[in-house]
There are 2 protein chains.
Amino acid sequence: MVSASVKDVAALAGVSVGTVSNVLNRPQKVSAEVTLRVQSAIDKLGFVRNDAARQLRAGMSHSIGLVVLDAANPFFSDLARGAEDRAAAENFTVLVGNSNEDEGRESAYLDLFEQQRVRGVLLSPVGNVIPRLEQLRRRGIPTVLVDRQTENTSFSSVAVDDLAGGEMAAAHLLSLGRRRIAFIGGPASIRQVADRLAGARKAIDAVAGATLEVIATESLTVLSGRAAGESIRSRPEAERPDAIFAANDLLAVGALQGLMLMGGVKVPQEIALIGYDDIEFAAAAVVPLSSIRQPSALIGSTALELLLREAASEDGFAPTQVVFPPELIVRASTQG
Amino acid sequence: MVSASVKDVAALAGVSVGTVSNVLNRPQKVSAEVTLRVQSAIDKLGFVRNDAARQLRAGMSHSIGLVVLDAANPFFSDLARGAEDRAAAENFTVLVGNSNEDEGRESAYLDLFEQQRVRGVLLSPVGNVIPRLEQLRRRGIPTVLVDRQTENTSFSSVAVDDLAGGEMAAAHLLSLGRRRIAFIGGPASIRQVADRLAGARKAIDAVAGATLEVIATESLTVLSGRAAGESIRSRPEAERPDAIFAANDLLAVGALQGLMLMGGVKVPQEIALIGYDDIEFAAAAVVPLSSIRQPSALIGSTALELLLREAASEDGFAPTQVVFPPELIVRASTQG
DNA sequence: AACTCGTTATGAAACGATTCATTGCAGTGT
DNA sequence: ACACTGCAATGAATCGTTTCATAACGAGTT
């Protein structure tokens with residue numbers, strides 16, 4: 001026998017299976033003496049509940065499915081952590097799937113979660129999943145979208161206001177007296193990039209004499225940022241911007257390297273620099289980076305809470321859109 | 001009714017439940033005509049298999065549990081990816097738990113995995129878990145240790161030879177003609193750190209006139225590395241080492257920053273620098289970093305394969321220890 | 001016509017935990 | 001002595017899938 005069942009425990013303790021179950025789930029219903037006997041039988045046999053049987057009977061699992069775009073991205077691992085901690089507090093487990101920005105993998109994880117009868121799904125979507133999510137909902141599995149504001153208000157979502165974040169970053173640079181601002185970022189097809197740029201433009205348009213230059217990059221990586229930084233450094237001094245807003249911290253770190261290479265441009269004296277995301281590495285850069293912080297863990301925990309509330313309520317739950325404000329973190333790269 | 005069962009499908013298709021199950025699991029046993037009828041019933045009802053019921057019947061799940069020390073560490077996320085990909089190929093799912101170097105969380109995940117009746121566990125251990133693993137084994141759940149060579153040969157393990165890696169790194173520096181080597185790393189209680197240092201010492205002792213200086217750090221972070229780098233830069237030129245081996249890439253990146261600050265020490269002209277792990281960021285550093293690459297994804301996939309083999313075999317499986325050789329990656333920080 | 005295969009399809013049993021209507025029993029009150 | 005209350009414990013039924021011994025049926029052999 002590989003593992004003991006309630007039946008074995010009941011036999012050894014000389015009680016019925018129902019009583020064993022009561023000891024496990026409603027201890028107050030069972031007399032102290034019997035509880036003791038059952039407990040010692042459990043210990044002796046090394047009994048461990050079979051989750052599959054519990055779930056089958058319960059009809060639903062105690063798990064939440066989470067699909068992220070990129071498990072290696074600190075933003076998502078923080079988000080996942082936030083969700084997991086919140087879930088643990090409610091006695092739920094989070095199953096994490098990494099779609100790697102691939103629609104096929106995303107879909108495979110949704111299938112898996114459906115088979116597992118998860119209580120709900122947290123999703124940072126790749127493609128147009130709305131029809132699939134509507135199907136899930138019809139089968140009693142609610143979804144909350146994370147890191148994406150959606151036009152479709154029939155689903156709950158938790159996101160950060162990237163427009164406000166972009167505005168905040170640009171306004172900070174303007175408040176330092178900088179007027180020739182460069183935005184580094186791309187591809188423009190990524191919503192976050194577009195929103196952050198739009199926010200920056202809004203702030204800059206509001207100040208007379210301030211100009212915005214957009215330096216497009218192919219990706220949101222350190223390498224792309226470095227190339228952008230180097231191209232700025234190689235310009236005649238008069239043609240350089242006096243401040244840079246990078247669409248994320250990886251770009252900013254790269255830009256910093258590109259600018260400082262060979263005793264080049266001084267940051268922040270000649271060019272002030274601000275990034276976005278406030279990843280752990282930002283504070284540890286050669287010149288500690290100012291950044292716009294996103295409450296990644298809070299996004300995760302909030303999304304999970306919304307999801308559980310939605311799952312608990314009978315149909316007719318009103319979808320809720322939560323948008324967090326970003327936060328400005330000032331460090332050396334925009335000081336002095 | 002929230003979701004349809006085989007019974008509903010059978011009724012609609014006008015066949016027995018056994019036949020529906022056969023369509024799902026042994027299609028060749030069922031006539032084409034019936035298969036068609038069942039399939040269309042499945043589609044019409046939106047039937048989705050209930051995994052809990054399958055598992056209950058099967059007695060074991062199709063999942064593998066994986067507990068890592070730090071989900072945010074690229075090394076572990078790569079390892080997890082390797083394991084997941086290999087698992088997917090065998091139709092298994094990997095449940096990832098993050099112990100965050102906490103014994104309590106580690107233990108909680110092992111409990112959870114046991115309740116889920118996972119097929120096996122992949123573990124990067126925190127404390128002394130051997131007794132717990134022996135208990136698991138007695139209950140039919142095998143374990144493979146990852147990223148840890150263990151004296152205890154009763155369990156399979158997959159790891160990298162850190163001694164050889166350290167030796168390789170130091171030998172590379174020596175081959176450049178450098179003789180005053182500094183090792184940056186700590187705390188010494190971490191086995192990986194100790195092994196890498198021991199390997200370096202071995203290589204250095206073999207070369208007459210070569211010296212090794214150990215600069216202890218509190219942690220394996222960018223910040224610690226930077227402090228070490230700055231302390232070296234602030235020395236009189238004659239007392240500086242001519243090469244540095246950092247215990248991991250985060251330290252190396254930090255050291256690089258500390259050295260280059262304010263047009264300081266030139267890397268690699270004045271001081272050559274090599275790190276360890278070959279994280280993605282290493283290639284993107286101000287001066288691209290040489291490093292010792294660990295095959296993280298390969299470790300994950302190999303561990304998973306060992307585990308499945310062990311799980312499939314009846315008792316009496318001979319535990320296997322796999323040790324991978326590290327690989328030297330030469331970049332600008334040790335060239336020229 | 002009786003028979004043996006071979007191919008399909010059947011449906012009851014089993015997996016293990018939980019639930020709930022029911023029973024047993026001791027104690028109270030009349 | 002009887003009824004009543006309340007607490008403990010019982011055990012059969014249930015969840016949905018898979019399995020396997022059995023049945024049904026048609027085709028081919030004698």
Side-chain angles (χ1 to χ4, degrees), chain A residues 1-39 41-42 45-63 91 112 114-119 139-140, chain B residues 1-39 41-42 45-62 91 111-112 114-119 139-140:
Chain A
M1 178 206 340
V2 169
S3 59
S5 75
V6 272
K7 223 177 279 182
D8 304 316
V9 173
L12 181 59
V15 299
S16 72
V17 293
T19 300
V20 175
S21 177
N22 281 335
V23 170
L24 260 26
N25 304 303
R26 303 183 204 69
Q28 77 286 0
K29 288 251 154 200
V30 184
S31 73
E33 192 241 345
V34 170
T35 300
L36 216 66
R37 252 176 30 231
V38 171
Q39 273 299 352
I42 287 176
L45 294 173
F47 167 78
V48 176
R49 267 162 144 121
N50 184 322
D51 227 39
R54 298 187 77 189
Q55 279 186 39
L56 172 58
R57 183 65 233 253
M60 274 244 144
S61 83
H62 250 68
S63 298
N91 241 310
L112 179 68
E114 199 174 350
Q115 290 182 17
Q116 306 244 27
R117 301 293 194 270
V118 296
R119 198 63 66 93
R139 295 183 187 157
Chain B
M1 179 207 340
V2 168
S3 60
S5 75
V6 272
K7 224 177 281 183
D8 304 316
V9 173
L12 182 58
V15 298
S16 72
V17 293
T19 299
V20 175
S21 178
N22 282 335
V23 169
L24 260 26
N25 304 303
R26 302 184 205 65
Q28 76 288 359
K29 288 250 154 202
V30 184
S31 71
E33 191 243 345
V34 170
T35 300
L36 216 67
R37 251 176 32 230
V38 171
Q39 272 301 350
I42 286 177
L45 295 173
F47 166 77
V48 176
R49 267 165 148 118
N50 184 322
D51 226 38
R54 299 188 77 187
Q55 280 186 39
L56 173 57
R57 184 63 235 254
M60 274 246 144
S61 83
H62 250 68
N91 241 311
D111 286 348
L112 178 68
E114 201 175 347
Q115 290 183 18
Q116 306 245 28
R117 300 293 193 272
V118 296
R119 198 63 64 93
R139 295 183 188 160

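Labels below follow one simple rule: chain letters A, B, ... track the order of the sequence lines, proteins then strands, and each chain is numbered from 1.
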In this structure, how many angstroms lie between the [atom2] atom of [N] and the [atom1] atom of [X], rounded?
X	N	atom1	atom2	value
Ile42(B)	dG16(D)	CD1	C1'	14 Å
Gln55(A)	dT18(C)	CD	P	12 Å
Arg26(B)	dT7(C)	CZ	P	16 Å
Leu24(B)	dT19(D)	CG	C1'	14 Å
His62(A)	dT18(C)	NE2	C1'	14 Å
Glu33(B)	dT7(C)	CD	P	19 Å
Gln28(B)	dA9(C)	CD	P	12 Å
Leu56(A)	dC15(C)	CG	C1'	9 Å

Tell me if a side-chain donor or acceptor on Arg26(A) pairs with a main-chain N or O of Val23(A) at a distance below 3.5 Å.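 No: the side chain of Arg26(A) does not pair with the backbone of Val23(A).
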
Counting only N and O atoms by type, is there a donor-acceptor contact under 3.5 Å from the side chain of Arg37(B) to the main-chain atoms of Ala13(B)? yes

With heavy atoms under 4.0 Å as the rule, sort [X] into base, sugar-phosphate or nothing.
X	value
Val34(B)	sugar-phosphate
Gly59(B)	nothing
Val20(B)	nothing

Please determine whether side chain to side chain contact (heavy atoms under 4.5 Å, CB included) holds for the pair Phe47(A) and Leu24(A), giving the CA-CA distance in whole Å, both sets of side-chain angles, and the decisive distance to 0.1 Å. CA-CA 11 Å; Phe47(A) 167 78; Leu24(A) 260 26; 3.8 Å; yes

For [X] and [N], is the shortest distance between a side-chain N/O and OP1 or OP2 below 4.0 Å?
X	N	value
Arg49(A)	dT18(C)	yes
Ser31(B)	dT7(C)	no
Arg57(A)	dT14(D)	no
Asn25(B)	dT18(D)	yes
Thr19(B)	dA9(C)	no
Ser21(B)	dT19(D)	no
Ser16(B)	dT10(C)	yes

To the nearest 0.5 Å, how far apart are [atom1] in [X] and [atom2] in [Y]?
X	Y	atom1	atom2	value
Gln116(B)	His62(B)	CD	NE2	14.5 Å
Arg139(B)	Glu114(B)	CZ	CD	4.5 Å
Asn22(B)	Ser16(B)	CG	OG	8.0 Å

Nearest-neighbour nucleotide for the [X] side chain, [options] considered:
X	options	value
Asn50(B)	dG16(D), dA17(C), dT18(C)	dG16(D)
Val15(A)	dG16(D), dT18(C), dT10(D)	dT10(D)
Ala53(B)	dT10(D), dT10(C), dG16(D)	dG16(D)

Of Arg117(B) and Gly14(B), whose closest DNA chain C nucleotide lies nearer the 5' terminus?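 The 5'-side residue here is Gly14(B).
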
